[in-house]
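Read through the structure below, which is laid out as structure tokens, and then see the notes.
Chain letters run A, B, ... following the sequence lines, proteins first and then strands; every chain starts at 1.
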Amino acid sequence: MSDNILTNRHDFLMLFEVTNGNPNGDPDAGNMPRLDPNSNRGLVSDVCLKRKVRNFVEQFPHGRADSDANGFNILIKQGAVIETEQKKGIEAAKAQQKDKDKQAEAAMKWLCREFYDVRTFGGVLSTGDDVMKGSAWGQVRGPVQFTFGQSFHPITPLEITITRCAVTKEADKAKERTMGNKHIVPYALYAAKGYVSPAFAERTGFTQADLDLLFKAILQMFEHDRSAARGEMVVRGLYDFEHVGTQHENNAEQNKREARLGCAHAHKLFEGIKVDLTNEAKAKGFPESFADYHVTCGWTKDNLPKGVRLHNRHDA
Amino acid sequence: MSDNSITIRVWGDYACFTRPEMKIERVSYPVMTPSAARGVLEAIFWEPEIYYLIDSIHVVRRGCWFSFRRNEVISVISIDNAKTWMKSPEKVSPIRAGGGAEDGTQRNMLALAGVEYLITAEVHLSDIGKRRGHPIKTYRTEIERRAKSGKCYHRPYLGVREFAADFDLEDDAQAALERRSAELDKSCKSIWPEEDLGLMLYDVFDHERRTQGFRWLKEEEQEKLPKKKAAPRWEGSLVKPEAVFFQANIKDAKLDCHPQRVRLARNRVAGE
């Protein structure tokens with residue numbers, strides 16, 4: 001069952017918070033927490049979140065069912081890689097393609113089968129083929145799309161000065177201590193959206209099991225990414241809208257077609273999740289903790305658009 | 001309204017319609033390009049039987065500029081390497097991303113925040129569609145049905161995939177512009193009165209060659225073909241990407257981009 005290629009569209013909303021930490025530094029501003037200068041709301045880049053997912057999958061590799069099933073290696077790794085660690089569990093392709101035309105296609109399929117991140121997020125290939133050069137063919141478009149994370153309210157980044165007991169420069173050796181600094185956001189709640197397009201899942205071989213792993217990785221992405229700089233980061237919600245089709249269950253064929261395209265506007269589904277400051281927090285003017293927020297899900301079994309199912313993945 | 005015309009409203013938190021002359025550090029055009037608009041429509045509905053011609057793009061919210069620096073990956077996955085890896089997996093060498101790694105680098109992006117557009121497009125039958133014989137109305141109603149109920153083949157985006165877009169169907173662009181600007185407490189005249197934007201990318205896939213349509217043949221169709229090496233695996237015309245530019249002008253919040261009404265700058269082979 002779980003080896004089946006994903007057939008249903010999913011739109012999901014991630015809520016996560018930071019307390020006394022820097023969720024995503026801005027290299028343009030001396031590693032200050034990213035913020036949108038127009039609204040002063042905090043930002044977290046899509047690549048930052050995807051990196052967390054990649055690292056989680058790499059750290060806790062899934063066993064593959066058999067050598068033909070999808071593998072869970074990561075192709076785009078963070079920083080320097082220790083050579084001996086990397087090649088576990090990569091399987092060679094069984095059938096060698098003799099037809100030259102189809103060799104590139106076979107290589108693409110093999111990359112998708114072996115590497116979880118290529119299968120999920122896609123990647124750019126160099127084809128070297130003159131006709132295809134510059135065309136969309138040189139791209140594997142992954143089924144999973146992440147947007148930027150945005151905080152609900154303006155953030156006030158603080159610069160904290162710290163004393164370091166370990167000096168970094170030889171010249172400072174006699175000082176024993178030097179001053180350093182770091183940036184923190186006292187508290188902020190962020191939301192990022194994600195979309196899964198089944199049409200691309202068919203091409204990369206992205207399965208239901210892969211999606212389950214993605215949700216598991218999102219829920220636990222900060223648990224294994226602790227650092228003094230990041231403070232406390234917690235995923236507070238993962239609302240997954242699954243499109244299943246509006247027809248009677250006997251009409252499986254039609255439902256499948258509908259589920260692939262979706263049954264409702266994604267923006268309307270997301271609007272049903274309301275995040276507000278509590279009255280006390282409003283009086284105070286700014287949020288200090290998650291307790292200052294009211295997160296209410298306006299969707300019930302009765303008012304959810306037909307053909308859509310809501311999974312609260314954070315409850316599971 | 002002609003019977004093959006559709007209007008779709010798209011909006012999103014961010015957008016980046018990259019200028020080809022500044023592709024290393026991405027810089028956006030100040031407005032959506034016709035090819036980005038085509039991409040949005042094709043994300044919602046596309047079949048080899050049809051092609052889109054973008055008629056005009058109305059700007060509801062111009063957005064404000066913002067810049068963003070991220071760690072990006074400069075290496076691409078080489079197919080030749082992958083072919084080697086398939087035979088001997090121990091040769092796999094991953095791409096090393098992130099600060100200071102050999103395949104990673106920091107790149108800036110100058111993008112737009114908070115944009116909203118109305119895309120008006122004509123739907124035309126391609127040569128493949130003419131052979132199929134369905135009237136254009138069949139396709140137009142399917143697009144309308146999808147846009148109205150939020151169905152899409154894949155999630156549309158504003159220039160780059162992390163800037164996902166929401167969309168909805170509109171009956172008439174001018175009426176929608178007036179309604180939305182009233183909702184935003186603006187007069188639609190003041191959104192963007194007039195500006196000459198200079199040369200702008202029209203599309204990289206020639207619209208005159210897209211009229212023939214394109215589709216890959218299914219496996220069983222390929223088997224029916226004579227077993228010659230040169231037999232193509234597709235029907236229609238494989239359009240080689242080639243940039244076409246046009247003189248972009250905004251007037252009353254409208255970017256006119258119908259190929260019959262704008263001046264296109266393109267490569268012409270003598271005698272064509």
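With sequence neighbours excluded, the residues that form a side chain to side chain contact (heavy atoms under 4.5 Å, CB included) with B/K218 are B/E220, B/E221. With sequence neighbours left out, A/L310 forms a side chain to side chain contact (heavy atoms under 4.5 Å, CB included) with A/Y239, A/F241, A/C297, A/W299, A/L304, A/N312.
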Do B/R155 and A/Q145 pass the side chain to side chain donor-acceptor pair (under 3.5 Å) test, and can you show the C-alpha distance, the side-chain angles, and the key distance before you say yes or no?
CA-CA 8 Å; B/R155 176 66 16 198; A/Q145 211 169 327; over 6 Å; no
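Classified by interplanar angle (parallel below 30°, tilted 30° to 60°, perpendicular above 60°), the ring pair B/W11/A/H267 is perpendicular.
Residues of residues 47-55 of chain A lying under 4.5 angstrom from chain B, judged on non-hydrogen atoms, are A/V47, A/R51 by number. For residues 62-70 of chain B, the interface with chain A (any heavy-atom pair closer than 4.5 Å) comprises B/C64, B/W65, B/F66, B/S67, B/F68, B/R69, B/R70, sorted by residue number.
B/F163 touches chain A through its side chain: at least one heavy atom from C-beta onward sits under 4.5 Å away, while N, CA, C and O do not. In this structure, the portions of B/D168 lying under 4.5 Å from any heavy atom of chain A include both its backbone and its side chain. With a threshold of 4.5 angstrom between heavy atoms, A/F270 does not approach chain B through any atom at all. Looking at B/D103, neither its backbone nor its side chain comes within 4.5 Å of chain A, counting heavy atoms on both sides. Looking at A/L269, neither its backbone nor its side chain comes within 4.5 Å of chain B, counting heavy atoms on both sides. Proximity to chain B is limited to the backbone of A/F146, based on heavy atoms less than 4.5 angstrom apart. The contact between A/A106 and chain B is made by backbone and side chain atoms together, counting heavy-atom distances below 4.5 Å. For a residue to count as touching a neighbouring chain, one of its non-hydrogen atoms must lie under 4.5 Å from one of that chain's; by this rule B/A165 does not touch chain A. Neither the backbone nor the side chain of A/N24 has a heavy atom closer than 4.5 Å to any heavy atom of chain B. Neither the backbone nor the side chain of A/E114 comes within contact range of chain B; no heavy atom of the residue lies under 4.5 Å from a heavy atom of that chain. Contacts between A/L75 and chain B at a heavy-atom distance below 4.5 Å involve backbone atoms as well as side-chain atoms.
For the pair A/R141 and B/H154, the minimum side-chain heavy-atom distance is below 4.5 Å.
Of the possible donor and acceptor atoms, one in the side chain of B/K151 sits under 3.5 Å from a partner among the backbone N and O of A/G262. In this structure, A/H265 contributes its side chain and B/D166 its backbone to no donor-acceptor pair below 3.5 Å. B/R161 places a side-chain N or O within 3.5 Å of a backbone atom of A/G142 that can act as its donor or acceptor partner.
When the candidates A/A29, A/S39, A/A93 are compared by the number of heavy-atom contacts under 4.5 Å with chain B, A/A93 comes out ahead. Chain A forms more heavy-atom pairs under 4.5 Å with one residue of B/M86, B/R146, B/E162, B/E102 than with any other, namely B/M86.
In this structure, CG on B/D13 lies 7.0 Å from CZ on A/R41, to the nearest 0.5 angstrom.
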